[in-house]
Protein chains: 2
Amino acid sequence: MGTKRRRLRELAAREQLFINTALAHIQTDGLLALKMAKVARDCDYATGTLYQHFASKEDLLLAIFASENEKNLEIMRRATEWDAPSRKKILALIVGDVLFSANHPDHQSLGRYIFTDAVWEAASLERRQQVLDAYMPHHEAATSITQDAINAGDLDPRGQSPAELTLGIWAMCMGMHTLVEADEVLTSLKLVRPYRWLLRNIHLYLNGLNWQPLLDPFDEQKLNQDVEHIVETLYQDLCFSPLSTEEPPHE
Amino acid sequence: MGTKRRRLRELAAREQLFINTALAHIQTDGLLALKMAKVARDCDYATGTLYQHFASKEDLLLAIFASENEKNLEIMRRATEWDAPSRKKILALIVGDVLFSANHPDHQSLGRYIFTDAVWEAASLERRQQVLDAYMPHHEAATSITQDAINAGDLDPRGQSPAELTLGIWAMCMGMHTLVEADEVLTSLKLVRPYRWLLRNIHLYLNGLNWQPLLDPFDEQKLNQDVEHIVETLYQDLCFSPLSTEEPPHE
DNA sequence: GGGGTATTATGAATGCGATTCAAAAAATGA
DNA sequence: TCATTTTTTGAATCGCATTCATAATACCCC
């Protein structure tokens, strides 16, 4: 019965409408101001209908995150499928991550919020699984590049699995995003352009792993060159860049 | 007038009572279940009195965080004041951080929660400043060790400031704490004993910085030995350790 | 000590918004 | 066309943070 199928399509479309609308609300007024009733009304549905899709407000937040995360996947794929030396690919992955964050300014903070116990627990089991599933390819992208490096002889795994070898990179990116969000902390310590530091630190770490070819992480020119090359080759369409090679205005 | 002074002391004591009670509530029932009225009642005060100390529920959360953070300072001081080679000291700082987290299981997640825009914005300016101030010595401890390393000739700063050189370590610790809290992510990826990996990754990073003496991060025995030494020398009193050298039960 | 003023504590009332659910509307199927 | 099932609706409910008029207490001067 085609009716059934059509109905499912309509439901999915409505769900996406709710998600997009809620995301727009967050982007203009902040997480704090998100009102379930307002989301429903703005979509021309009753509050109850919204609750037919999402078990709770928190459930909706997880859904928004999972949805945005999917857009991220496409960007990561560019890095993994790029035909370049492994060490360039891993740098490209991180540059992509940073650019995505810059272009989706609420995504990181939403991510941090939903993984909070208080929020996580208030979402439905299915939704949580959906978020975890959306995360997996993320991690797979990184490990696949690490695997490439091992296969190409650029990296000696020393008995560790690619997933384990990737953990440090993952943690560092995540931590840096956190620090950037809590920017009062960084600025009060006069630390500027943190994402530049992320890239340097990743290179330091990769050097520590003896991931070939080794690079001087404090060679500004080489770093700029690599970043520019990556942005031009893979990320032309992502406009705003917090990695720009110029000095910040004045500090 | 001594009256004034006594009054201030009493107020401070009451504030701490509120903070401790609220923390206890969080530890037993979770953040989600924290009720302002219940905190007040359990302290034998009226709700309004609680609000004389804290501008909002969020304000109280920041206060709890700042208070717990102070306990952390004492632990960090042990590392900074330890008479040992710089690279051992920085390892000790991180071991201390991990042990503290393990002994105060809600502290990291509370930290992540309060730095969320939604929560941060709902706290008073003074309270935010208090949290930032409580954070500062944290960072100072790390940079002071880095400075020691430079002074001792263990580390060539290559024109970077100690604060900048410390940023990567900070980010990595933070990120790993985040990953550990969202443990469904790690376990679904079969990554176990993440804090061991934190230590290995820190060593990788320090090797990348060429921080002397270089160490083989995959030398399990050496790592165990160092950690045991640090725990015995500095952290005898912190019981629970997620860094224990035994293998985990079975996985 | 007494009384007048200022400060602090109280907890019932308020308000906001998430969530529910009985009733209405729409879809389905005979 | 009508009975039955499914979906939608939005007003009513409920929980809890926050407020604020009133009561209690502290302070000060005589």
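Chain identifiers are assigned alphabetically (A, B, ...) following the order of the sequence lines, protein sequences preceding nucleic acid strands; residue numbering begins at 1 within each chain.
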Would you say [X] reaches [N]'s phosphate, i.e. side-chain N/O to OP1/OP2 under 4.0 Å?
X       : N     : result
A:Arg7  : D:dT7 : yes
B:Arg14 : C:dA9 : yes
B:Gln52 : C:dT8 : no

Sugar-phosphate, base or nothing in reach of A:Leu34, heavy atoms under 4.0 Å: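 It contacts sugar-phosphate atoms only.
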
I need the [atom1]-[atom2] distance between [X] and [N], as an integer number of Å.
X       : N      : atom1 : atom2 : value
A:Leu8  : D:dT7  : CG    : P     : 10 Å
B:His53 : D:dA17 : NE2   : C1'   : 18 Å
A:Tyr51 : D:dC14 : OH    : C1'   : 13 Å
B:Glu10 : C:dT8  : CD    : C1'   : 12 Å
B:Met36 : C:dT10 : CE    : P     : 15 Å
A:Phe18 : C:dA18 : CZ    : C1'   : 15 Å
B:Lys57 : C:dG15 : NZ    : P     : 21 Å
A:Asp59 : C:dT20 : CG    : C1'   : 16 Å

Pair A:Lys38 + A:Asp29, salt bridge at N-O below 4.0 Å: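 No salt bridge links A:Lys38 with A:Asp29.
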
Pair A:Glu10 + A:Arg6, salt bridge at N-O below 4.0 Å: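 Yes, A:Glu10 and A:Arg6 are salt-bridged.
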
4.5 Å side-chain heavy-atom contact, B:Thr116 and B:Glu121: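 Sidechains of B:Glu121 and B:Thr116: no contact.
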
Side chain proximity check, A:Ile114 to A:Glu58, heavy atoms < 4.5 angstrom: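 They are not in side-chain contact.
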
Closest non-hydrogen atom pair between B:Ala171 and A:Met172, with its separation: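 Nearest heavy atoms, B:Ala171 then A:Met172: CB-O, 3.9 Å.
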
For the student: nearest non-hydrogen atoms of B:Leu60 and B:Ala22, plus distance: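 Looks like CD2-CB, 4.0 Å.
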
Strand contacts (DNA chain C) in residues 41-49 of chain B, 4.0 angstrom heavy-atom criterion: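 Going residue by residue through residues 41-49 of chain B, the ones with a heavy atom under 4.0 Å of DNA chain C turn out to be B:Tyr45, B:Ala46, B:Thr47, B:Gly48, B:Thr49.
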
Selected nucleotide, minimal atom distance to B:Arg6 side chain, candidates D:dT18, C:dT20, D:dC27: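 Ranking D:dT18, C:dT20, D:dC27 by closest atom to the B:Arg6 side chain puts D:dC27 first.
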
Donor-acceptor contact present, side-chain A:Lys57 to main-chain A:Leu34, <3.5 Å: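 Here the side-chain-to-backbone pair exists.
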
Of A:Lys35 and A:Ala55, the one whose closest DNA chain C nucleotide lies more 5':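 Whichever sits nearer the 5' end wins; that is A:Lys35.
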
